[in-house]
Protein chains: 2
Amino acid sequence: MTVMETLTEAADNGTDICSVPPGRHPRPDGQDSYTISEVVAFTGLTAHTLRWYERIGLMPHVDRSHTGQRRYCNADLDWLDLVGKLRLTGMPVADMVRYAELVRAGDHTYGERYELLEATRRDVLARIAELRDTLAVLDRKIDFYGDAGRALASERPR
Amino acid sequence: MTVMETLTEAADNGTDICSVPPGRHPRPDGQDSYTISEVVAFTGLTAHTLRWYERIGLMPHVDRSHTGQRRYCNADLDWLDLVGKLRLTGMPVADMVRYAELVRAGDHTYGERYELLEATRRDVLARIAELRDTLAVLDRKIDFYGDAGRALASERPR
DNA sequence: TAAAACCTTGGAGTGCACTCCAGGCAAGCG
DNA sequence: CGCTTGCCTGGAGTGCACTCCAAGGTTTTA
């Protein structure tokens, strides 16, 4: 059975294709070995990106089959989950690589990892606050267009 | 007095240089005409970026002095505020240009503007939710490194 | 067993959002 | 008056995060 068919089947069996965002982790198996295209299906990343992550040191060296094809394990998927989360905080890839290096380096880097995560946490809190601010602005504008939609706009571009 | 001096003075007079994020809007005057470098000081954008925004149609055509230098008005600054907010939602510049075009086009685009803002609002809400999710993950990891900091890590990169 | 689908590599290309440069005009201070 | 500082333009360059390509080996399905 091809990956294509596996995916199609999974989608068809579900009651609602959209119940899970397109191309995100169902991670179905009780197994611990996945081809790159399965990982693509679970993570929503492209195979290109997965190989690129490996090249730049954002992924540990992934296991290979006897013919050299990548075989990802569940721990790899967990790591990619974390990377995905960090990515959408806006953390630069270089910083994530830094973190990966710390993890690789061993237990004596606990302190540094803690610092890095704490700093990231602060960034996330700050970004949430910014977004809330923006939300308030949007709500005001939306009200304006919704309710008083007929009054003349006072926005800049003439 | 040069802009440099104005800025230095403003910073020196305040009790804490960091009380306002570096390079953000105090917008001091009761005036309505600012040079590009003043706008740089208020918005934190570079002059390059301000000119670029104009080139790509993200700014309306800004007034000019009799010698051709840009003179921004308060409405321009308001617009830049909005752009700044939209920018940090991750909205692509092209979409902001689209919105600017709608505003320029006149009142009959109210509906479209409303749609665009509503869609953006939904995006912002979704992004806040994502960030909260990420925050939870970070908190778990931070706890791990903070409290049980001595247990062996189970993270991927070996 | 043959075709179709999948995987491999290094390196080049893309799109976005700036960012900088050269060369020159303008304005204000001493 | 000259010097420093600021501003102008078009176009080229940068950095990031992918994204794609060519050329070939592997695995799965019919």
Side-chain angles (χ1 to χ4, degrees), chain A residues 1-9 23 31 33-59 61-72 76 80 83-100, chain B residues 1-9 23 33-59 61-72 76 80 83-100 123:
Chain A
M1 201 202 295
T2 66
V3 167
M4 226 59 205
E5 282 159 5
T6 310
L7 282 179
T8 307
E9 188 189 304
Q31 258 221 102
S33 175
Y34 311 90
T35 66
I36 199 167
S37 66
E38 285 170 322
V39 177
V40 164
F42 299 159
T43 63
L45 298 168
T46 71
H48 296 302
T49 301
L50 286 168
R51 295 191 197 106
W52 179 67
Y53 277 3
E54 220 175 310
R55 271 215 295 259
I56 64 172
L58 184 51
M59 279 295 291
H61 286 302
V62 172
D63 283 352
R64 300 295 180 117
S65 73
H66 67 107
T67 54
Q69 298 195 348
R70 287 172 183 79
R71 293 294 176 256
Y72 293 82
D76 290 326
L80 285 171
V83 166
K85 293 257 181 267
L86 293 180
R87 204 167 50 111
L88 49 84
T89 69
M91 181 187 272
V93 165
D95 290 4
M96 293 190 265
V97 170
R98 172 88 190 118
Y99 183 75
Chain B
M1 201 201 293
T2 67
V3 167
M4 225 58 205
E5 282 159 5
T6 310
L7 281 178
T8 309
E9 189 189 304
S33 174
Y34 311 91
T35 66
I36 199 167
S37 66
E38 285 170 321
V39 177
V40 164
F42 298 160
T43 62
L45 299 169
T46 70
H48 295 302
T49 301
L50 287 168
R51 294 191 198 105
W52 179 67
Y53 277 3
E54 220 176 310
R55 271 216 294 261
I56 64 173
L58 184 50
M59 278 295 290
H61 287 302
V62 172
D63 282 353
R64 300 296 179 116
S65 72
H66 67 105
T67 55
Q69 298 196 350
R70 286 171 183 80
R71 293 295 178 255
Y72 292 83
D76 290 327
L80 284 171
V83 166
K85 293 259 180 264
L86 293 180
R87 203 167 51 111
L88 50 84
T89 67
M91 181 189 273
V93 166
D95 290 5
M96 292 192 267
V97 170
R98 171 89 190 117
Y99 183 75
D123 284 357

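No hydrogens, no waters, no symmetry mates; every other heavy atom, side chains included, goes into these values. Lettering follows sequence order; numbering is per chain, from 1.
Backbone-only engagement by B/Arg70 is indicated by non-hydrogen atom pairs under 4.0 Å involving sugar-phosphate atoms exclusively. Within the nucleic acid shown, A/Arg64 comes within 4.0 Å of sugar-phosphate atoms alone, with no base atom in reach, counting heavy atoms only. Looking at heavy-atom distances under 4.0 Å, B/Arg51 makes contact with a base.
The interatomic distance linking A/Glu38 (CD) with C/dA5 (C1') rounds to 14 Å, in whole Å. For the pair A/Ile56 CD1 and D/dT19 P, the computed distance is 13 Å after rounding to whole Å. In this structure, the CG atom of A/Leu50 is 14 Å from the P atom of D/dC20, given to the nearest Å. Here C/dA17 presents its C1' atom at 15 Å from CG of B/Leu88, a figure rounded to the nearest Å. The distance from atom CG of B/Asp63 to atom P of D/dC8 is 13 Å, rounded to the nearest whole Å. A/Arg87 places its CZ atom 10 Å from the P atom of D/dA17, with the value rounded to the nearest Å. In this structure, A/Trp52 atom CH2 and D/dC21 atom P are separated by 18 Å, rounded to whole Å. Note: CD (A/Glu54) to C1' (C/dC7) measures 13 Å, nearest angstrom.
Residue A/Tyr53 places no side-chain N or O under 4.0 Å from the OP1 or OP2 atom of D/dA17. Note on B/Arg55: every side-chain N or O is 4.0 Å or more away from OP1 and OP2 of D/dT9. Taking only side-chain nitrogens and oxygens, B/Thr67 comes nearer than 4.0 Å to OP1 or OP2 of C/dA27. Under 4.0 angstrom from either OP1 or OP2 of D/dG6 there lies no side-chain N or O belonging to B/Thr35.
Taking for each of B/Ala94 and B/Gln69 the nucleotide of DNA chain C with the nearest heavy atom, the 5'-most of the two is the partner of B/Ala94. For the pair B/Thr49 and A/His48, nearest-nucleotide mapping onto DNA chain C gives the more 5' position to A/His48.
Side chain of A/Thr49 to main chain of A/Leu45: no donor-acceptor pair is present (N/O by atom type, distance under 3.5 Å, no hydrogens or angles).
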Discussion item. Could you walk me through whether A/Arg87 and A/Met96 satisfy the side-chain contact (heavy atoms from CB on, under 4.5 Å) test, starting with their C-alpha distance in whole Å, then the side-chain angles of each, then the deciding distance to 0.1 Å, before giving a yes or no?
Written reply: CA-CA 8 Å; A/Arg87 204 167 50 111; A/Met96 293 190 265; 4.2 Å; yes
Discussion item. Does B/Arg70 form a side-chain contact (heavy atoms from CB on, under 4.5 Å) with B/Tyr72? I'd like the steps, not just the answer.
Written reply: CA-CA 6 Å; B/Arg70 286 171 183 80; B/Tyr72 292 83; 3.3 Å; yes
Item to complete: Please lay out, stage by stage, how B/Ile36 and B/Arg71 fare under the test side-chain contact (heavy atoms from CB on, under 4.5 Å).
Response: CA-CA 7 Å; B/Ile36 199 167; B/Arg71 293 295 178 255; over 6 Å; no
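Of the candidate nucleotides C/dC7, D/dC18, D/dC8, C/dC7 has the atom nearest to the side chain of A/Ser37.
Shortest non-hydrogen contact noted between A/Leu58 and A/Ala100 is O-CB, 4.2 Å.
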